[in-house]
Amino acid sequence: NALGETVELTKGTVVDSIITDKEGRAASKELYLGSYLVREIAAPDFYTVNETEQTVVLAADASAEIVWAKVKAADVKTRIELTKVDAYNGMKALPGITFRVFPETLLEEIAAGRLDLPAAGREYTTDARGRVRIEDLNHDTTYCIVETHTLDGYNLDPTVYRIYVDEKGLIGGEKTHVMTIANTPNVVEITKTDITGETELEGARLEITDADGNIVDEWISDGTPHVILGMKAGDYTLTETQAPEGYARAKSVSFTVTDKLEVQSVTMKDERITVEVVKLDAETGQPVSGAKLMVSDSSGGIVEEWVTDETPHRMFLAAGDYVLSETQAPEGYAAAEPKAFTVTDERGVQTIELEDAPLSLVISKQGEEPDAELPGARLQLLDARGVEIAAWTTAEQPHTIKYLPKGSYTLRELAAPEGYSLAADLTFILEDTAKPQYVTMKNTKTQTEITKTDFATGEELPGAELVITDAEGNESERWV
């Protein structure tokens, strides 16, 4: 030392403690020449302790009365780097989420209602990258981070995150504490199934609209539930704009989305397009059995064939144009004309009626006067085997027989009206047509020729007056 004394210094001995002033400066007391370590042991609030040791050497300098050594130590602030992301997509940042950061000691005040949460501590809002930086944190203090506002379509995180800043300004031994918090969006699962609810359907074109009619989402079902993340709480309508082939468009489904963590499920069911074909008697309106029917599509391909009974025939068809044909009519009926029809994707059973008219035979018995019916004739109708089908006596109107099988028939007169000769048999073919088929049998009057002759010569004798009377003596005719 200055007195020439020898002073022994032991390594690790604390020779001085200094505190920086408001300008961040401090000077030690006078020290012996030698080598020293300078280390920060306490930092001001908001900053972390810089624990980096710096070596300082005080060496003799004959030109200087006092030897100085300058040491510069930089402190960094205690920081919390918080990032908000989507719980289902960690790469998706969530901007605009608000937090309150306050000392834990205020929780009791908030719980007791003496302090409103929005007034506690400081407010932070995530930036475009979903990040927020929290600084100016006191040492030896536990802070609470509470989410106070989230985005539409996301659920507010109810967790109170507690972060302890130790006496050195460190959080878990780190100067900067990094934390990532995920927010769970509202999850809506749309299921498109058949009427049983067991089979997911492909090919349905669906859309969701909000309460104002704006389209929120639209897609084509692929056989799996359609999941929508982040739908805002509110009222919505699910509409099927096009049903899968063979299915009817379902009735729109209204539903409400709320902010909650559970998956919110919406199910829309499609029923098969159902077509019923009814075969009816055109006159009675009753079901007709035994008709062989066929449905073909617009390209002529056969879709289905069957033979009718007394019940409607039900089938499942895709929406489109079809033709219903009768390939064979029941006995006694004329085959109906093919009937084109269109199947729509509307709900409910679509009924197609096809009427069969009975084969109709109209038999007219006429004399020598045209278009005048001749009553009193006894007629018989025989089939191709000669079996009697019907027998009747003619009247003032033609005689109609219906529901006869098509084929060959014979009309025979068993007894002619008085004054008429028996007509010859009339054979005809009953055709397969819905129109009435007419058969006319005509009779001629019985004619008698009376001659007045000479018995000996056989010559005609003029001048004789003759009279014809019936069995009762009534005069029928007189001439000369």
Side-chain angles (χ1 to χ4, degrees), residues 14 16-28 36-56 70-87 90-91 93-111 114-151 156-183:
V14 176
D16 197 8
S17 294
I18 58 177
I19 299 175
T20 56
D21 59 18
K22 63 181 180 179
E23 294 181 355
R25 297 178 179 179
S28 70
Y36 295 88
L37 292 178
V38 179
R39 179 168 53 88
E40 185 176 25
I41 59 174
D45 276 338
F46 309 160
Y47 289 87
T48 62
V49 172
N50 186 344
E51 296 185 315
T52 303
E53 292 185 340
Q54 299 188 57
T55 301
V56 178
K70 293 184 178 181
V71 177
K72 186 175 182 179
D75 283 353
V76 297
K77 280 192 170 185
T78 303
R79 289 175 181 166
I80 300 174
E81 297 283 358
L82 188 153
T83 303
K84 262 292 187 179
V85 297
D86 185 290
M91 301 299 293
L94 302 180
I97 294 181
T98 303
F99 297 88
R100 301 296 299 191
V101 179
F102 53 86
E104 185 182 37
T105 54
L106 295 181
L107 274 180
E108 184 177 342
E109 298 291 315
I110 295 171
R114 294 188 294 270
L115 178 65
D116 291 333
L117 178 60
R122 295 189 298 272
E123 182 177 87
Y124 295 86
T125 302
T126 55
D127 60 18
R129 297 183 299 172
R131 297 178 181 178
V132 67
R133 173 178 289 178
I134 302 170
E135 297 180 332
D136 298 339
L137 301 171
N138 292 322
H139 294 179
D140 195 21
T141 302
T142 297
Y143 286 90
C144 294
I145 301 177
V146 178
E147 186 174 315
T148 56
H149 173 75
T150 189
L151 303 178
L156 192 71
D157 184 356
T159 307
V160 177
Y161 295 93
R162 289 173 170 83
I163 305 296
Y164 175 64
V165 180
D166 66 18
E167 64 279 356
K168 293 183 178 181
L170 301 177
I171 301 173
E174 300 291 336
K175 298 175 181 179
T176 299
H177 178 66
V178 178
M179 58 190 302
T180 299
I181 302 176
N183 269 49

Within a strict 4.5 Å, meaning less than it, do heavy atoms of the [X] and [Y] side chains meet?
X: Asp127; Y: Val132; answer: no
X: Thr78; Y: Leu170; answer: no
X: Thr20; Y: Pro44; answer: no
X: Ile134; Y: Ile145; answer: yes
X: Glu108; Y: Leu115; answer: no
X: Ile171; Y: Asp166; answer: no
X: Val85; Y: Met91; answer: no
X: Val165; Y: Tyr143; answer: yes

Kindly indicate, with the supporting measurements, whether the criterion side chain to side chain contact (heavy atoms under 4.5 Å, CB included) is fulfilled by Glu123 and Thr98.
-> CA-CA 7 Å; Glu123 182 177 87; Thr98 303; 3.3 Å; yes
Closest contact, heavy atoms only, [X] versus [Y]:
X: Val49; Y: Lys175; value: O-CE, 4.1 Å
X: Ile18; Y: Ser28; value: CG2-CA, 3.7 Å
X: Ala182; Y: Ala87; value: CB-CA, 3.8 Å
X: Pro95; Y: Ala128; value: CB-CA, 3.8 Å
X: Ile97; Y: Leu151; value: CG1-CG, 3.9 Å

Can a donor-acceptor pair be found, under 3.5 Å and without considering hydrogens, that links the side chain of [X] to the backbone of [Y]?
X: Thr148; Y: Arg100; answer: no
X: Thr126; Y: Gly96; answer: yes
X: Asp45; Y: His139; answer: yes
X: Asn50; Y: Ala74; answer: yes
X: Thr55; Y: Leu37; answer: no
X: Arg39; Y: Glu51; answer: no
X: Glu81; Y: His177; answer: no
X: Asn138; Y: Thr141; answer: no
X: Asp116; Y: Ala119; answer: no

At what distance, to the nearest 0.5 angstrom, does [atom1] of [X] lie from [atom2] of [Y]?
X: Glu104; Y: Ile163; atom1: CD; atom2: CD1; answer: 11.0 Å
X: Leu137; Y: Lys77; atom1: CG; atom2: NZ; answer: 9.5 Å
X: Leu82; Y: Arg133; atom1: CG; atom2: CZ; answer: 12.5 Å

Give the intermediate values and the outcome of side chain to side chain contact (heavy atoms under 4.5 Å, CB included) for residues Thr83 and Ile181.
-> CA-CA 6 Å; Thr83 303; Ile181 302 176; over 6 Å; no
Do we see a donor-acceptor contact under 3.5 Å between the side chains of Tyr36 and Asp16?
-> no
Taking atom types as modelled, is there a side-chain donor on Arg122 or Tyr124 under 3.5 Å from an acceptor on the other?
-> yes
Intermediate values then yes/no, side chain to side chain contact (heavy atoms under 4.5 Å, CB included), Ile110 and Phe102 | CA-CA 11 Å; Ile110 295 171; Phe102 53 86; 3.7 Å; yes
Do Cys144 and Val101 pass the side chain to side chain contact (heavy atoms under 4.5 Å, CB included) test, and can you show the C-alpha distance, the side-chain angles, and the key distance before you say yes or no?
-> CA-CA 6 Å; Cys144 294; Val101 179; over 6 Å; no
Does CZ in Arg25 sit with more than 12 non-hydrogen atoms of other residues, nucleotides or ligands closer than 6.0 Å?
-> no
